[in-house]
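First the structure, in the form of structure tokens, and then the observations on it.
Just so you know, these numbers come straight off a predicted model, no measurement behind them.
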Amino acid sequence: MTQNAKIQDLTPVTGAPDNAKYGAVEQCTGCNLCVKGCSFLKKVGNPAEVAAGEGDECNPFECTLCGLCTAVCPVGVDPSRYFLQRRVEMRRQLGADDPRHAPLIGYERKGTSRLFTFYGLPDGCDTIFFPGCALPGTRPDAVSEVFDKLKELIPNVGIVLDCCLKPSHDLGREEHFHYVFGEMKEYLRQHGICKVLVACPNCLRIFSEYGGDLAVQTVYELLGERPRHGVDGVCAEVVIHDPCVARFAPAAQEAARAVVAASGVKVAEMKRSGERTICCGRGGGANFINPGIVVEAVASRVAEAEGRAIVTYCAACAGTFAQKGRALHLLDLWMSPEQALAGKVKVSGAPFTYLNRLRLKRELRRKGGFEVTRERNLPAEGRRSLLKPVLFISLLVAAVAIVRLAGGTALLEPERLRQMVEGQGMLGPLLFVLLYGVTPVLFLPGLPMAIAAGILFGPFWGVVYAITGATIGASASFLVARYVARDWVEKKLTGATWQKLDRQVGEQGWKIVAITRLVPLFPFNLLNYAFGLTKVPFLQYVVTSFFCMLPGCIAFIVFSSSLPQLLKGKVSPALVGGILSIAALSFFAGKYRRKLATRES
């Protein structure tokens, strides 16, 4: 089947603008009701101003696409649709994704890969359970329990472990979204599926808007009518958080409250709920561009809860609010109200979420009862994330095997390597330092050079030559940005992250250089250029960079100097010391990131 055939009933948003595609922003009266409740619109202006180019510079990827603006508009303008289209156009013009969205895109890619997908359709199946991506990873037991309950109600119900492509949809990856979602929809149609039962509000939104004649309903509308347990005497009060993607889904909102009530728990409403609910800050991937939006949203929601547990039917919202308060997923309460309210429900985090998804898939296969099964086998993009690491490991293993079989391990003796380098006199180290110095200027990875330094020069001189080269490279990038290509660098470094860096350097000077060198919060090569645009003095920058890059340099050089021995099957003290040093640096870096996030919140 051709790609066009698969998506023939899905019309991408292309061509000349019209009211439906652009949210009718030309009808905006400028009343600013939408601006009052939205930090993004407070920054860029109301929809009419943005569309006319009168407001501040607008990056549509900072909008959460939550739809609150649409809910409060008295004349029917849909600004969230307008900003979604702006995303599509912006990405089309750039011809690529923002690298800051890479984690979200990678997460989706895994969700649609052959490894994590599973379609199980029994004989006569016309209804499937579609739990989405997050629940099978964080709460696989709950997914199994729900599926078992559904089989009692609908004996021929099937199950599909796949991704609804909401990330690609919101990130403006229009062609990819329509192709991959269209392929899934066409497969379900061909196998007689008429109805999709979802547990995730994002999936509800996507199937409702793009599922065509596939009927969609939340599982909570069935679970609320038939509670799993007849629990009595649970004296507690919780508040309900309606996810922003379910803003205009009253049936899902009512069902969620019915499930809570059936669990014997009292339900209280938040000040902002239903159509007027607020986003957790992660909508549309906006948090990858502006992390502060999550901090603001969580603080606001936790304050509204007034110490009561927040119950929601979105796994992402539950995980976000749990960082600062008591937050439960609706299925936690459905499974076991007592344990959920006592905070004893097991919720997995990465990387265990991926293991849970594989375990759930294996359990479904083992239980069987399916007439038709399949795994996704998408071309190119669906397999790319797994192919590269597998290929790299295979090549590494092959290289080690060839070296050992060919007797090349003798050439990797540390003493033999040192003799080869010493035979070049001072020319060898000098060329190495100069090559290392050019590496960051050309945006080339520095890790291979650090590994080479340890292998060629040993732990002591390797550190000397590597830190010298790294400092020269960092200094050269700094000078290029400040005096040679300032305009070009300024165009590359835009957005709140780099503005914040500039502001912090202005306030704290060399201390920010020290922090970012000790804790890799930003890409190293790009950071060198970024500092060239700030007000930090060159001498302070060089001295601070030298001393604060030194710990990481020592750790990697000590580790890499032991690699020749490792290839011979020997574990040297240098290897153990290097691994421990790298682990210690990673530990303190992670601890600092958490401390920084706490301080900001």
Residues 468-476, side-chain donor-acceptor partners within the protein, below 3.5 Å, at least two apart:
residue	atom	partner	partner atom	Å
T468	OG1	V464	O	2.6
T471	OG1	I467	O	2.7
S475	OG	T471	O	2.8

* For Y354, ring pair (Phe, Tyr, Trp, His ring centres under 6.0 Å) partners two or more places apart ->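 Y354 satisfies ring pair (Phe, Tyr, Trp, His ring centres under 6.0 Å) with F116 once adjacent residues are dropped.
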
* All ring pair (Phe, Tyr, Trp, His ring centres under 6.0 Å) counterparts of H169, not counting sequence neighbours ->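 Ring pair (Phe, Tyr, Trp, His ring centres under 6.0 Å) list for H169, sorted by chain: F177, Y210.
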
May I have the list of side-chain donor-acceptor pairs in residues 544-556 shorter than 3.5 Å, sequence neighbours left out?
residue	atom	partner	partner atom	Å
T544	OG1	Q540	O	2.7
S545	OG	R517	NE	3.3
S545	OG	Y541	O	2.7

* Do R282 and T320 pass the side chain to side chain donor-acceptor pair (under 3.5 Å) test, and can you show the C-alpha distance, the side-chain angles, and the key distance before you say yes or no? -> CA-CA 8 Å; R282 295 174 63 177; T320 302; 3.1 Å; yes

* side-chain hydrogen bond (donor to acceptor under 3.5 Å, both in side chains) partners of N356, counting only residues at least two apart ->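 Testing N356 for side-chain hydrogen bond (donor to acceptor under 3.5 Å, both in side chains), a comparison that skips the adjacent residues, returns S348.
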
* Name all residues meeting the side-chain hydrogen bond (donor to acceptor under 3.5 Å, both in side chains) criterion together with T353; count only those two or more places apart in sequence or in a different chain, and write none if there are none. =>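 For T353 there are no side-chain hydrogen bond (donor to acceptor under 3.5 Å, both in side chains) partners, ignoring immediate neighbours.
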
* With a 4.5 Å limit on heavy-atom distance, are the side chains of R301 and E296 in contact? ->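 Not touching, per the 4.5 Å side-chain cut-off.
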
* **Whether H101 and F61 hold their rings parallel, tilted or perpendicular, with breakpoints at 30° and 60°** =>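 Tilted: the ring planes of H101 and F61 meet at 30° to 60°.
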
* Asked: At their closest point, which heavy atom of H241 faces which heavy atom of T312, and how far apart are they?
  ->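 So the minimum-distance heavy-atom pair works out to O-OG1, 3.0 Å.
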
* Dump the intermediate steps for side chain to side chain donor-acceptor pair (under 3.5 Å) on R376 and T117, then the final yes or no. => CA-CA 6 Å; R376 281 266 203 157; T117 55; 5.9 Å; no

* Taking the six-membered ring for Trp, are F538 and F478 ring centroids under 6.0 Å apart? ->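 Ring centres of F478 and F538 closer than 6.0 Å.
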
